[in-house]
Protein chains: 2
Amino acid sequence: MQDPFVCTPVSHHQCISNALDQAETLCRSRNVRLTPIRHRVLELIWQQHRPVGAYDLLEQLQQQGRVAPPTVYRALDFLQQQGLIHRLESLNAFVGCAHPQYPHQGQFLICKSCRSLVEITDPEISTVINNRAEAVGFKPLNQTVEVSGFCDGCWQKEQING
Amino acid sequence: MQDPFVCTPVSHHQCISNALDQAETLCRSRNVRLTPIRHRVLELIWQQHRPVGAYDLLEQLQQQGRVAPPTVYRALDFLQQQGLIHRLESLNAFVGCAHPQYPHQGQFLICKSCRSLVEITDPEISTVINNRAEAVGFKPLNQTVEVSGFCDGCWQKEQING
DNA sequence: TTGTGTAATGTTATAATATAACATTAAAAT
DNA sequence: ATTTTAATGTTATATTATAACATTACACAA
């Protein structure tokens, strides 16, 4: 259920192709079209393996010919609908979804220093939030949970350097 | 500790002046300046009593003379720093803080239908999130928790109308 | 009370993010 | 093959936000 390997600088190419293979399989099984553009955008997002802005993607796409913003946003919309990427509201950016197989509420840990991101999928978090919402008579449909702070490595450095 | 009344269309003027009085007291005690512009922006935000965009505020300010975007954004920055308003990342909008007396992690319930907003301040939610973050070696500093769904009234209507 | 430094605001321009509207092309379904 | 739908192209523009520098107001010391 989890990825069979941890993504390191060395194994990152594998991480990308894994994500793309998974996306292809999923789209085929759902009878939706992972067109060349959509595939390419997903690939670019996974290449970064961190939150990327739409215009960053646009710039990269433009290295192979003229592309306009709507093209990128449409691809992003599609990928989001398919659960292949998440949008980070606090960054106006997009990141590949680690577990696209099933729909879920992701929670995101965003490092202020290196801008890396970890997605956790903790049912307890979503449950507590939903419960509290319902307790005040609110019908929750979708959660945005984004935590800004320091990843392990950067937190060490912070403490040493002040 | 809680507001002594519930805000209704009838009592809303009181709700606004309450918030403004509180803000004045807080700013005085902190030795920061709630200038006319800042006061006015806060007032406009509370008048809506729902998330408002910066350019909405700008438009309203411009009814009393020429104002440019930086003026609004500066006021918003100040009010945020003082904890008098919150920014809603998923809406690019701002809302008055219900409990500005002490710093806190707010959680926001946003109605998709009437666009009303409820702020809850549930320590259990923040605690669970912080714990889970720390469990994966992340040092959490700031949380964004925004839940989209239906408020009580709108959910009733939804179910009736389909 | 007058300088002097700092904070706040004014002003102009522009960056960054996102979408509307309509034309064209590609693919799928009949 | 034809028709219909989905996807993409294209142009223009909306929306949100900030950079950079000028000016004004305020606080407080001399």
Side-chain angles (χ1 to χ4, degrees), chain A residues 23-24 27-45 48 50-82 84-95 115 144 146, chain B residues 23-24 27-45 48 50-82 84-95 115 144 146:
Chain A
E24 274 164 32
C27 288
R28 206 167 308 128
S29 80
R30 289 175 187 166
N31 248 308
V32 295
R33 293 168 54 203
L34 189 62
T35 61
I37 287 178
R38 294 166 174 175
H39 187 276
R40 181 83 180 108
V41 168
L42 186 59
E43 184 183 18
L44 289 171
I45 288 174
Q48 304 292 327
R50 79 180 67 253
V52 204
Y55 278 75
D56 277 6
L57 296 168
L58 183 59
E59 239 180 77
Q60 296 189 259
L61 287 172
Q62 282 171 341
Q63 289 170 9
Q64 290 135 59
R66 181 178 223 148
V67 183
T71 299
V72 176
Y73 282 102
R74 285 170 186 148
L76 291 169
D77 283 350
F78 170 85
L79 296 170
Q80 257 189 286
Q81 276 166 33
Q82 297 305 319
L84 296 166
I85 61 173
H86 293 290
R87 180 170 204 278
L88 296 156
E89 302 293 347
S90 60
L91 300 177
N92 293 337
F94 302 84
V95 75
R115 299 174 168 223
T144 297
E146 297 174 18
Chain B
E24 273 164 32
C27 288
R28 207 169 308 127
S29 80
R30 290 174 187 167
N31 248 307
V32 295
R33 294 167 56 203
L34 190 61
T35 61
I37 288 178
R38 293 166 176 177
H39 188 277
R40 180 83 180 107
V41 168
L42 187 59
E43 186 184 16
L44 289 171
I45 289 174
Q48 305 292 327
R50 78 181 68 253
V52 204
Y55 278 75
D56 276 5
L57 297 167
L58 183 60
E59 240 180 78
Q60 296 189 258
L61 287 172
Q62 282 171 339
Q63 290 170 8
Q64 290 136 59
R66 181 179 223 148
V67 184
T71 299
V72 177
Y73 282 102
R74 283 168 186 150
L76 291 170
D77 283 350
F78 170 85
L79 296 170
Q80 256 190 287
Q81 275 166 34
Q82 297 305 320
L84 296 167
I85 61 172
H86 293 289
R87 179 170 205 277
L88 295 157
E89 303 292 347
S90 60
L91 298 177
N92 294 337
F94 303 84
V95 75
R115 298 174 168 222
T144 298
E146 297 173 17

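All figures in this text were calculated on a predicted structure; none of them were measured in a lab. Letters A, B, ... are given to chains in the order of the sequence lines, protein chains preceding strands, and every chain is numbered from 1.
- At distances below 3.5 Å, not a single donor-acceptor pair connects side-chain atoms of A/Q80 with backbone N or O atoms of A/I85.
- Rounded to whole Å, the distance from CZ on A/R30 to P on D/dA6 is 18 Å.
- As a whole-Å value, the separation of A/E89 CD from D/dT16 C1' is 14 Å.
- Taking a centre distance below 5.5 Å and an interplanar angle below 30 degrees as the stacking criterion, A/Y73 does not stack against the six-membered base ring of C/dT19.
- Between the C1' atom of D/dT10 and the CD atom of A/Q62 lies a distance of 13 Å, rounded to the nearest Å.
- Contact check, A/T35 against D/dT8: a side-chain N or O comes under 4.0 Å of OP1 or OP2.
- Note: CG (B/D77) to C1' (C/dA7) measures 14 Å, nearest angstrom.
- Between D/dG9, D/dT10, C/dT11, one nucleotide has an atom nearer to the side chain of A/I37 than all others, and that is D/dG9.
- For the OP1/OP2 pair of C/dT9 and a distance below 4.0 Å, the side-chain nitrogens and oxygens of B/T71 include no atom meeting the criterion.
- In this model, the phosphate group of D/dA7 is approached by a side-chain N or O of A/R38 to a distance below 4.0 Å at OP1 or OP2.
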- line: Protein-proximity profile, nucleotides 20-30 of chain C, B/S/- by nucleotide at the 4.0 Å heavy-atom cutoff, equals BB-----S---
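- Taking atom CG on B/L91 and atom C1' on D/dT16, their separation rounds to 13 Å, with Å as the unit.
- Among residues at least two apart or in separate chains, salt bridge (Lys or Arg N to Asp or Glu O under 4.0 Å) pairs with a member in residues 35-45 of chain B are B/R40-B/E43.
- Taking the side chain to side chain donor-acceptor pair (under 3.5 Å) definition, one finds that B/S90 meets it with B/E146, sequence neighbours left out.
- Within the 4.5 Å cutoff, the side chain of A/V52 has no heavy atoms near those of the A/L44 side chain.
- Side-chain contact between B/L76 and B/I45 is present, with at least one heavy-atom pair separated by less than 4.5 Å.
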- prompt: Which is it for A/Q82 and A/V32 under the side-chain contact (heavy atoms from CB on, under 4.5 Å) test, yes or no, and what are the steps along the way?
  reply: CA-CA 9 Å; A/Q82 297 305 319; A/V32 295; 3.8 Å; yes
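- Here D/dG9 presents its C1' atom at 17 Å from CD of A/Q64, a figure rounded to the nearest Å.
- You can call B/Y55 stacked on the base of D/dT16; the centres are under 5.5 Å apart and the planes sit within 30°.
- As a whole-Å value, the separation of B/L58 CG from D/dT18 C1' is 14 Å.
- If you measure from atom CG of A/L76 to atom C1' of C/dT17, you get 12 Å, rounded to the nearest angstrom.
- Side-chain contact check for B/V72 versus B/I37: every heavy-atom pair is 4.5 Å or farther apart.
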